[in-house]
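So that the names make sense, note that chain A is the first sequence line, chain B the second, and so on, each numbered from 1.
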Amino acid sequence: MRETVKMHAFQAINAALHEAMEADPKVLVFGEDIADREGGGVTGATIGLSTKFGDMRVKSTPISEQAIMGAAIGAALAGYKPVAEIMLMNFTTVCMDMIFNHAAKLRFMSGGQSTVPITIRTLTGAGWQTAGQHADHLEGWFAHAAGIKVVAPSNPAEYKGLLLSCIQDPDPCIIIESAGTLFIPGDVPVDQGPIPLGVARVVQEGTDVTIVSWSSMVVRSLQALPILAEAGISVELVDLRTVSPWDRETVLASVAKTGRCVVVHEAVRSFGPGAEIAATVNEELFGQLKAPVRRLGAPYSPVPFAKVLEDAFLVSVDEIVAAVTEVAGQG
Amino acid sequence: MRETVKMHAFQAINAALHEAMEADPKVLVFGEDIADREGGGVTGATIGLSTKFGDMRVKSTPISEQAIMGAAIGAALAGYKPVAEIMLMNFTTVCMDMIFNHAAKLRFMSGGQSTVPITIRTLTGAGWQTAGQHADHLEGWFAHAAGIKVVAPSNPAEYKGLLLSCIQDPDPCIIIESAGTLFIPGDVPVDQGPIPLGVARVVQEGTDVTIVSWSSMVVRSLQALPILAEAGISVELVDLRTVSPWDRETVLASVAKTGRCVVVHEAVRSFGPGAEIAATVNEELFGQLKAPVRRLGAPYSPVPFAKVLEDAFLVSVDEIVAAVTEVAGQG
Amino acid sequence: MAEHSNSPVPSTETLVDIYRRMIRIERNDDTIRTAIRRGKLVMPYYSARGQEVIPSAISTLLTNDDTICTIYRGIHDMVAKGMPLRPLWAEIAGRVDGTCKGKGGPMHLTHPETGVMVTTGIVGSSMPIANGLAWAAQLDGSKRVSIAYFGDGASNIGAFHESLNLASLWKLPVVFVCQNNGFAEHTRYENGTSVDFISKRAIGYGMPGYTVDGNDPWAMYAAAYEAITRARDGEGPTLLECKTFRFLGHVLGDDDKYMTKEEKAAAIADDPLPKFRARLLAEGHATDEQLTKLGTDIQAEVDDAMAFGLASEYPSVDELRRDVFEKEIAA
Amino acid sequence: MAEHSNSPVPSTETLVDIYRRMIRIERNDDTIRTAIRRGKLVMPYYSARGQEVIPSAISTLLTNDDTICTIYRGIHDMVAKGMPLRPLWAEIAGRVDGTCKGKGGPMHLTHPETGVMVTTGIVGSSMPIANGLAWAAQLDGSKRVSIAYFGDGASNIGAFHESLNLASLWKLPVVFVCQNNGFAEHTRYENGTSVDFISKRAIGYGMPGYTVDGNDPWAMYAAAYEAITRARDGEGPTLLECKTFRFLGHVLGDDDKYMTKEEKAAAIADDPLPKFRARLLAEGHATDEQLTKLGTDIQAEVDDAMAFGLASEYPSVDELRRDVFEKEIAA
Ligand SMILES: Cc1ncc(C[n+]2csc(CCOP(=O)(O)OP(=O)(O)O)c2C)c(N)n1
Ligand SMILES: Cc1ncc(C[n+]2csc(CCOP(=O)(O)OP(=O)(O)O)c2C)c(N)n1
Ligand SMILES: [Mg+2]
Ligand SMILES: [Mg+2]
């Protein structure tokens, strides 16, 4: 059995950054407040890096997200592997040009002459009552943008393994650190290495219903599992891990087996990433489904402040249980 | 019969802006190069406005999209109805914070105290060999953003009617002017008034297959219709007109009748807006469909420069014909 | 203030007014912190303790028609502006009687009646919107003034630049008030900002810019008087850099490791509140009794507001469907 | 240039080198325009005719290791930098032998071998990326310099501000070269820019800034010499505002209605090319014969490049699946 250490997601991220910087002198880490002089990041994810690797490779920046992303892109063009932090996912909106028009497209627009192997680390997710401008799950936008990979881990070991892969990847990656996943300690194998991008993880095998989820909603789905098991429903839980490019094979194989599928994500449901998965499952498995593919996501609304509203905004364990139960009863 | 005038889309837009400014002194028009001193906009859509309504209500701006959107939002908060031009849709990425975090959310975040009745006019679409950074169809992003309406007309009369509605609407709207729709003259009723938002248009009734489309792909779908008719396939063509909030009733009623659906849009197919429609049709009409819902959209790639690639990037009439024909043969 | 003052030297009445606003800010801040400590309020809190003079001096020169756009660290600006405390408290408690029905929370408090138009959680984003409000004032032919509050860190983001350029070009009646507290989160001024005085940046926009002691009510009043008068007289914008200090770090609970004990102690020893009080007494503007009573009265007002806020109902979950658009979203 | 020059006064050799680069730009530009007129090329073309001196003088001070980031109006910058003309022509013709295999086109030409790293179609976006390249040079401990080319209009967008601030803070070896041709599309300088000299904006970043006659090779060389030397010596960035004029409007076909006939005529009468030629002859730096031969040789090179480009194959549609990521996308 692999030796493991219990840690939180930020410790796992911190470990991955340390290992990546140690292994490859081209890895750079920067963003607002991330150096030790500033306390090693608001979340502590970067603690110790500047002290260990020096203030040339690890830099706190001004509040200038376009300049941050530009620095990442330019350094990447010159052979570096920058890991840039955009403190919160909503702040990608002030540097979306750099990400979408440049980082994601430069390889293609240059006909393969240029590569932009950057990693964007960004925090988000409802649950902390940070309200309308600090908690959106925008993975659907990035998944719709050709040329950037979208990664959304759900537990500490996965944070470490997926972040390591993002850093090594020859293309731009955005990795989402979501509130609902961050304070649940998990066992991280001492030798936890990179986890391949684009490959889903079957968290639990089952035969009645497939749940496809990622990030914070894997956590909630896991909470739904014992309740569903008790109700006699055998659930196969697939953690997508990489939202784009997503692992169609694993999802389709699972739903081909169960005949039923519920997609659960934190993002707004309407025009959300779950629609792609639902639409694909329907296209590929038409006639083989026992029930319509269900999608659970946030209502069409900004993230609200009041706790009672924030709770209602997020897909609840109860809603997952209800949707899976309903689907299980069909067909 | 209504009297009509043949005109191009930009003339229709120009007419709508003139009428709206005439009717309501609170309507403002601004953006880069849009005043007559600068030639009335790169497309001529705003010609004559500054001369007629003066340079307080019609203003050319610096190249400062955040400042443009901020000016729109602030003026709207003070009771104006600003129509701001973001020259090309890709440039929304330099002011996405203003649009997404502010314009779309201020009503909600203020508990209804504030309204932001702005209209964003923006040009995009492949076909002009403007390559990777000037032609993206990003309606899927905006449709996923709660609090902003997304409008995408397909012919001159619709441009006029829908733009008038956007301006009158009490909420923020983004209206997309897409290359493929702009140079086909159309008959615009002399008395063309506002066309309600959120209501689709059944362009042609049919019984075998429903095509759901909008903007440039309505134009291509229209070109596919005679070919399909010749092949004996009866197509119902639905022009969505408003991508968000979309007219579920009309689409579902149509597909309930035909049992077959092809969604066609210019945007990248993957995680694109068509997925929402396909997923919803599958959910709502499960068991009633004769064939899987097909989605046609651009490949997962930035917009290419070379004509041969740009042509291949866009969904072609042939592809529409092939997809509809295939679906018609199923079930 | 009913009539506009016509002297840059504050009268006794004005001085006491400034003091009253400061005490109102301070009592409110203290009571909020106590409520958080006691678990009665749950929210991220960005105290402005130490920065009271700036908005207090400015607000004595404003009426309810004048508007402010402020930031997450902005409750002092709102209180100074005259926002009523009861709905403020209900809002930060996430209750239905809040200014925003509990949906916006402390980072998005607004109250158009008293001119509190926007509170943003996005660094820099108060400025572009303040321009729009100023443009509306200009269009209305009114003498309304628009104030944009922001921090020193915010002077490094793109929106600052675009806003100052546009305001200067269009001669907008706006005052850009930079509350320079020496830190952006945990980053010291000089590690984020490349110029010794932010006011120098005004040169790049052909705009007057001044650095003021933001803790000195006389200096603040004189500077604000000049800038606001300039704006009202149609002469255009001014940049005011107001030097101050935040006693309680970035967010409540902040460990302050990124500053020296000495500088913090020195700043607190120089607390503008007792200093101002002493000078008011010394110069005979008020008696000890008067000022003490003022404090007591205000504490009573704050206590009442807290009681009101905490007794208010929680919003119904239906609120998620309201205020997204003017028309309620279907369930 | 093999050895770095050590005088701000150009030698005869350097002057002829500048002239050769200018003629190469001009012949190339003229030939492109002819090809477009004859229908041999189809593309949006932003001629830089009139702006030849700026990149020509700068490029004599650069090696292939030094990098440039430029804009849609940037073919002159690339040609000056030494980008080979054959793949340039194949690219603008959308052919597979193009630098970018025909995928980028004229607005996204890149050629890392000669240091042409990024060509962007987004106003202002050359600057943040140039910083990243400069940071990489610093990290490498090399003396490489990064040049950011952009226009006067671009000095009003947020990315400008963030980039100059970061570059100054981090003492990056970058030179910000503003090619101030007096217009942004159809907007005159003074209608978009609030300051009389863009170079004054450098004050706001504690950075040296100079306004130079961009049509005077001696002045341009001296200014570039100082800025590039400063950058190489690790002393940080410089802002150069280089005054010039574009003879052919914003985009080919532009009607120039937004400028007076007189100012255009005056600018063209002051064409830097014949003027420079005359002075080279007058001062005895070259003979008429020499310069004429130089022109003929270069025309032959350009003609060869055109023939090569137009004879090159069109890319295969499979190219849409290549260079999106390193790994080809599945069909
Ligand atoms: C665009 C953006 N980037 C980053 C943040 C995270 N953030 C919140 S406050 C803050 C520091 C702001 O400092 P300053 O402008 O000096 O204001 P202060 O908090 O000192 O009042 C940062 C970086 C943000 N809210 N928005
Ligand atoms: C962010 C953004 N906004 C608008 C445009 C449209 N646009 C293209 S060129 C241009 C004018 C740029 O003027 P300037 O910076 O002076 O450069 P010049 O074209 O004169 O060389 C504009 C507005 C754009 N490409 N990007
Ligand atoms: Mg600060
Ligand atoms: Mg220009």
Side-chain angles (χ1 to χ4, degrees), chain B residues 31-42 44 46-47 55 59-70 87-88 90-98 126-136 268 270 298-314 316, chain D residues 42-44 72 91-96 98 100-109 120-125 151-160 183-188 191-194 250-251 254-258 313-325 329-331:
Chain B
E32 292 156 17
D33 279 353
I34 64 101
D36 289 332
R37 185 179 63 191
E38 286 76 34
V42 278
T46 52
I47 278 183
D55 59 7
K59 282 178 114 68
S60 287
T61 66
I63 311 173
S64 310
E65 281 80 2
Q66 297 186 68
I68 294 171
M69 287 313 311
M87 199 182 276
L88 290 174
N90 281 72
F91 312 157
T92 61
T93 57
V94 295
C95 58
M96 195 55 100
D97 165 56
M98 280 291 132
W128 291 330
Q129 287 196 264
T130 49
Q133 297 177 331
H134 284 60
D136 285 298
V268 165
S270 196
Y300 182 81
S301 146
V303 182
F305 168 68
K307 192 71 203 157
V308 55
L309 296 182
E310 197 190 37
D311 286 345
F313 179 82
L314 282 171
S316 65
Chain D
V42 180
M43 64 182 212
Y72 51 90
E91 187 59 32
I92 64 181
R95 309 301 169 96
V96 75
C100 313
K101 304 187 200 160
K103 292 153 102 162
M107 257 198 274
H108 307 301
L109 281 159
T120 182
I122 308 295
V123 162
S125 295
D152 47 298
S155 77
N156 298 316
I157 202 159
F160 168 92
F183 290 89
E185 294 214 350
H186 301 180
T187 298
R188 301 187 77 90
N191 295 326
T193 312
S194 57
H250 175 59
V251 65
D254 200 333
D255 63 12
D256 286 8
K257 264 195 287 197
Y258 52 90
E313 299 288 316
Y314 290 103
S316 128
V317 297
D318 293 340
E319 284 300 332
L320 285 174
R321 296 200 307 271
R322 298 194 189 121
D323 306 321
V324 177
F325 289 131
I329 306 280

Answer key: most heavy-atom pairs under 4.5 Å with chain B among D:Ile92, D:Thr120, D:Ile122, D:Ile329 is D:Ile122
To check you understand the geometry: which heavy-atom pair defines the closest contact between D:Leu320 and B:Pro299, and what is its length?
CD1-CG, 4.1 Å
Can you find a pair of side-chain heavy atoms, one from B:Gln129 and one from D:Val42, that are under 4.5 Å apart?
yes
Name the region of D:Lys103, side chain, backbone, both or neither, that has any atom closer than 4.5 Å to a heavy atom of chain B.
both
Can you confirm whether B:Val308 sits close enough to D:Pro315 that some side-chain heavy atom of one is under 4.5 Å from a side-chain heavy atom of the other?
yes
D:Phe160: what forms a ring-ring contact (aromatic ring centres under 6.0 Å, His included) with it, not counting sequence neighbours?
C:His161, D:Phe150
For B:Ser64, check side chain to side chain donor-acceptor pair (under 3.5 Å) against everything at least two apart and list the hits.
none
Only pairs of heavy atoms separated by less than 4.5 Å count here; which of D:Ala159, D:Gly153, D:Ser194 has the most with chain B?
D:Gly153
Are any of the side-chain heavy atoms of D:Thr193 and B:Pro62 separated by less than 4.5 Å?
no
Using heavy-atom distances under 4.5 Å, tell me whether D:Val123 contacts chain B through its side chain, its backbone, both, or neither.
side chain
Can you tell me how far NE2 of D:His186 sits from CD of B:Glu32, rounded to the nearest 0.5 angstrom?
12.0 Å
For a 4.5 angstrom cut-off between non-hydrogen side-chain atoms, does B:Arg37 reach D:Asn191?
yes
Between B:Gln133 and D:His108, is any pair of side-chain heavy atoms under 4.5 Å apart?
yes
Heavy-atom distance under 4.5 Å between the side chains of D:Met107 and B:Phe305, does that happen here?
no
What residue, out of B:Phe313, B:Tyr300, B:Phe91, has the most heavy-atom pairs lying under 4.5 Å from chain D?
B:Tyr300
Measure across B:Ala312 and D:Val317 and return the closest heavy-atom pair with its distance rounded to 0.1 Å.
CB-CG1, 3.6 Å
What pair of heavy atoms forms the shortest contact from B:Ile63 to D:Ala154, and how long is it?
CD1-N, 4.5 Å
From B:Leu309 CG over to D:Lys101 NZ, what is the distance, rounded to the nearest 0.5 angstrom?
10.5 Å
Quick one: what part of D:Phe325 sits under 4.5 Å from any heavy atom of chain B, side chain, backbone, both or neither?
side chain
Shortest non-hydrogen separation from B:Asp33 to D:Ala184 and the atoms involved
OD1-O, 3.8 Å
